[in-house]
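Just below is one structure, and these are the notes that go with it.
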Amino acid sequence: MAMWQPREEGLREICGVLEQQISPTSDKPRIWQQLQHYSQFPDFNNYLVFIIARAEGTSVEIRQAAGLLLKNNLRTAFKSMTPSSQQYIKSEMLPCLGASDRHIRSTIGTIISVVVQQGRIVGWPELLQALVQCLDSKDLNHMEGAMDALSKICEDIPQELDSDVPGIAEHPINVFLPRLYQFFQSPHASLRKLSLGCINQFIMLMPTGLLLSMDQYLQGLFVLAHDPAPDVRKLVCTAFVLLIEVRPSFLEPHLGNVIEYMLQANKDSDDEVSLEACEFWSAYCEAQLQSDSLREFLPRLIPVLLSNMVYTEDDESLVDADVKNLALQDLKPRFHSSRFHGADDAEDDDDDIVNIWNLRKCSAAALDILSNVYAEAILPTLMPFVQAKLATTEDVTWKEREAAVLALGAIAEGCFAGLYPHLSEVVQFLIPLLDDKFPLIRSITCWTLSRYSKFIVEGIGHQKGHEQFDKVLMGLLRRILDTNKRVQEAACSAFATLEEEAAEELAPRLEIILQHLLCAFGKYQKRNLRIVYDAIGTLADAVGGELNQPQYLDILMPPLIAKWQQLPNSDKDLFPLLECFTSIAQALGPGFYQFAEPVFQRCINLIRTQQLAKVDPSSAGVQYDKEFIVCSLDLLSGLAEGLGSGIESLVAQSNLRDLLLQCCMDDALDVRQSALALLGDLARVCPVHLHPHLSEFLNVATQQLSTPALKETVAVANNACWAIGELAVKVRQEVSPVVMTVISCLVPILQHAEGLNKSLIENCAITLGRLAWVCPEIVSPHMEHFMQSWCTALSMIRDDIEKEEAFRGLCAMVRANPSGALSSLVYMCIAIASWHEIRSEDLHNEVCQVLNGYKQMLRNGAWEQCMSTLEPPVKDKLSKYQKLKRLSWSLGKMRSGVLAVLMPSGTVLNTLSAVYS
């Protein structure tokens, strides 16, 4: 194979296609099909190798195109190639490391890295020797070519260089490190940059060789800190950021000098250097440092951050800001997320005020984090600068004013307490800026006011605060109808935040809010509508049933229904509309019934079409996109939640049950997540329609709990667990075939709860209790194995109907097997004491019976000794459950046997103390 030679005709043909590929006017789909056709031939990749390695009479652009195509092919085909083909590629690549053209060298380096990824270093021992020879050659082309390849290997698979390689006495990284350090002093900026970049890739891994030579590395960084090449200075900043994140102890002896350097680098004339330096402040604040070296630098750092928060002339936002034509500025799409039953553990993206990360955004983020760490300590330095910038009124200083408003928003959380006495004046000052002549001042004012939403809403209780709230509300509504798209986006986002805080306080203002939102709905262009959908959905979530008034529905529903009817089933603009309808259906409750039938049927059709498209797109007439299924399932869940049993007639006339079972078994996590949420919702309101597939639904849901990669599938497992519990309380004994399988999945989750999602733990505890309630005879014999972890989880759950059902299961198990809870009695008492109030009288009595039963059973001071291990607040709460004297069941028959086992020395104190600790 080493003697392989191309046919001239084939070589010409492929070069011709590659030449067309790089032409900006070529027919890309046709060329792609032709290349796909060529790839069927076993020696096609050999042609590509030959073109980049040996076709020196061909243009560099065509050779590079061949190399990039080869790289992509090797990602998928290398491992299936014959050994002789693999060897041919390797043998042709190594001589090209020193190619005279740097573009060719760079492409060769990329190919070499892909080969190493596919076949590992161990499969190419000649590579290491070739790299070392090139690095030691003193020829610039060879040194740069080897460094380029090495840097790509370090970036893609650094662990390969820190592993054992047969035939080499030490890890490859230890062979390269001394040479990389030498290149720190090279007269060639390219070699200094590549060598530092290589070593930086190992900071996270921290191989022994780097650990032992850390002093040499740090000395090299200090030497390169003032390098004339901006690329090198940027990498120095990267190194300090990585070190403060990963190994801050290495920097602590030098922190004063490092901070001083980063402060200067933050003002570097090169934007990329200053941006990289700016990342240091956030990393520093999150590092676990013995001492705080940064505090003394704050008076110098804060002005630098403020200065960098001012828009630069070439900022892309300035280009967008003055465009009036709404159709020209489409917003970044929002992506729907699947339903998740339980606690709100997801983080908001609420402060994503711009899409592209740059020095301005990074500086604002740094100020935000500094304010959270140093709180009001930054105000004496910050506020005079902010006030001075806001005091200017000239048009030429608008960017300074805008940066000052951004700063007020950035410190809203961290400096809230320090600003609190002055917040009313701050908000009063900001309100007129909503009408400023400069669009970017209007947009940033919307965002900054949203950061103070909590304060603005809290003030509604007094006259002045009430007036201020109305001014902010009306100001944001005006800006929603702004002629500038950036302002519209900021206003809608800010208004959604205000809606979440204000909730029912918005009810008296619903008519004017809806008028503005629906006016925007008619005014905004295509993609921009999604921010209005979001604001409408958030409004529905905030005011709930208050929206269910004829005068409000007459404003809200006709435009939404018209849009619903206008959009075809293949249009992705349905996603935000489906999500908006989900919130409206939940808010209106039974009031949504008048709109429900066509909405329900559309969701069924969307799911059916997409399931067909998954296997046969041509028959379906659309390309498969799982998002249509996810959004439709979630809207059906919203209908079930809103309509309650009113959805039953719709479900009865559809094939939803069959479609849902398919979705519960889908290979996409988010489809299963939403499907299982809908399964639980339907179990609550119309379980009779699930009966024909009940065992399949239970088995599929149970399978989601036994996955080894639970942390990666936690949302699916969470919804599966919740759905099983909802089914259990509806079908009762019919759940018995899967009870022990489910219990065997739930118990390990409860026993290893640390680090797992809080909602999953709560749902596991509730579902276990529900299963115990409906099948106590199955669960109770095993209760001693999980009582401790289960009761611990129960004690963390807020009072609600689901907790009630879990405790009914606890009482049922104790009735069936009183001895099973004895060794965990302390934990059970703590769980009972976690109730603020048990509203159900019969459950209250059952809990009383449990406690009084154990009190009668544990005599001779044993009960009192058990109580003595509890904290006083726990004992106080338990006292209200110990007043019921007459028992409807008895533990007496077990008393002597249990005490003989648990109290060989006449006391349970030692046992309980051991368990409690």
Side-chain angles (χ1 to χ4, degrees), residues 740 743-744 746-748 750-751 753 765 768-769 771-773 775-796 806-835 838 843-871 874-875 877-917:
M740 283 315 301
I743 295 291
S744 67
L746 300 182
V747 171
L750 293 173
Q751 289 175 337
L768 196 158
L771 293 173
W773 180 30
C775 298
E777 71 289 348
I778 298 177
V779 182
S780 61
H782 311 278
M783 60 192 288
E784 63 184 296
H785 300 298
F786 58 76
M787 278 296 292
Q788 181 175 317
S789 55
W790 181 47
C791 288
T792 299
L794 286 176
S795 67
M796 304 295 182
F807 270 78
R808 291 185 193 281
L810 173 66
C811 295
M813 279 199 297
V814 170
R815 275 199 299 274
N817 180 16
S819 64
L822 267 175
S823 62
S824 302
L825 192 55
V826 165
Y827 292 91
M828 189 176 76
C829 289
I830 293 171
I832 292 170
S834 71
W835 280 96
I838 300 179
L843 178 60
H844 184 278
N845 288 340
E846 283 189 69
V847 170
C848 289
Q849 290 168 359
V850 166
L851 289 174
N852 281 287
Y854 281 117
K855 185 174 182 179
Q856 288 192 18
M857 188 171 109
L858 299 176
R859 294 183 175 173
N860 302 323
W863 173 258
E864 288 72 19
Q865 289 174 340
C866 172
M867 291 296 102
S868 71
T869 65
L870 301 173
E871 296 291 330
V874 175
K875 285 191 278 191
K877 286 191 173 184
L878 289 179
S879 63
K880 61 184 174 186
Y881 301 109
Q882 297 179 43
K883 296 170 184 174
L884 192 68
K885 298 301 180 187
R886 294 183 58 80
L887 302 183
S888 58
W889 53 281
S890 173
L891 299 172
K893 292 179 181 177
M894 301 197 50
R895 190 177 306 134
S896 59
V898 170
L899 294 183
V901 172
L902 291 181
M903 299 168 48
S905 58
T907 176
V908 294
L909 182 59
N910 293 336
T911 304
L912 289 173
S913 297
V915 172
Y916 186 63
S917 62

Quiz item: Got a second to check how far I778's CD1 is from I743's CD1, nearest 0.5 Å?
Solution: 9.5 Å

Quiz item: What do the steps show when you test H782 against N817 for side chain to side chain contact (heavy atoms under 4.5 Å, CB included), and what is the final call?
Solution: CA-CA 9 Å; H782 311 278; N817 180 16; over 6 Å; no

Quiz prompt | Minimal non-hydrogen separation, P781 against P776, with atom names | solution = CD-O, 4.2 Å

Practice problem: Quick one: sort the F807 and W835 rings into parallel, tilted or perpendicular, breaks at 30° and 60°. | Solution: perpendicular

Quiz prompt | Heavy-atom side-chain contact between L768 and V747 under 4.5 Å | solution = yes

Exercise. With rounding to the nearest 0.5 Å, note down the distance linking CE in M828 to SG in C811.
Key: 8.0 Å

Practice problem: Hey, could you give me the CG/CD distance between L750 and Q788, rounded to the nearest 0.5 Å? | Solution: 12.0 Å

Exercise. Report yes if the side chains of I832 and I838 come closer than 4.5 Å at any heavy-atom pair, otherwise no.
Key: no

Practice problem: Please name the residue in the list R815, E846, M787, M783 that meets the side-chain contact (heavy atoms from CB on, under 4.5 Å) test with L810. | Solution: M787

Quiz item: For the residue pair A831 and S834, what are the closest heavy atoms and their distance?
Solution: O-OG, 2.5 Å

Practice problem: Check A821 against Y854 and note the closest heavy-atom contact, atom names and distance. | Solution: CB-OH, 3.4 Å

Quiz prompt | 4.5 Å side-chain heavy-atom contact, M867 and C829 | solution = yes

Quiz item: Closest approach of Q751 and S789, non-hydrogen atoms and distance?
Solution: CG-OG, 3.5 Å

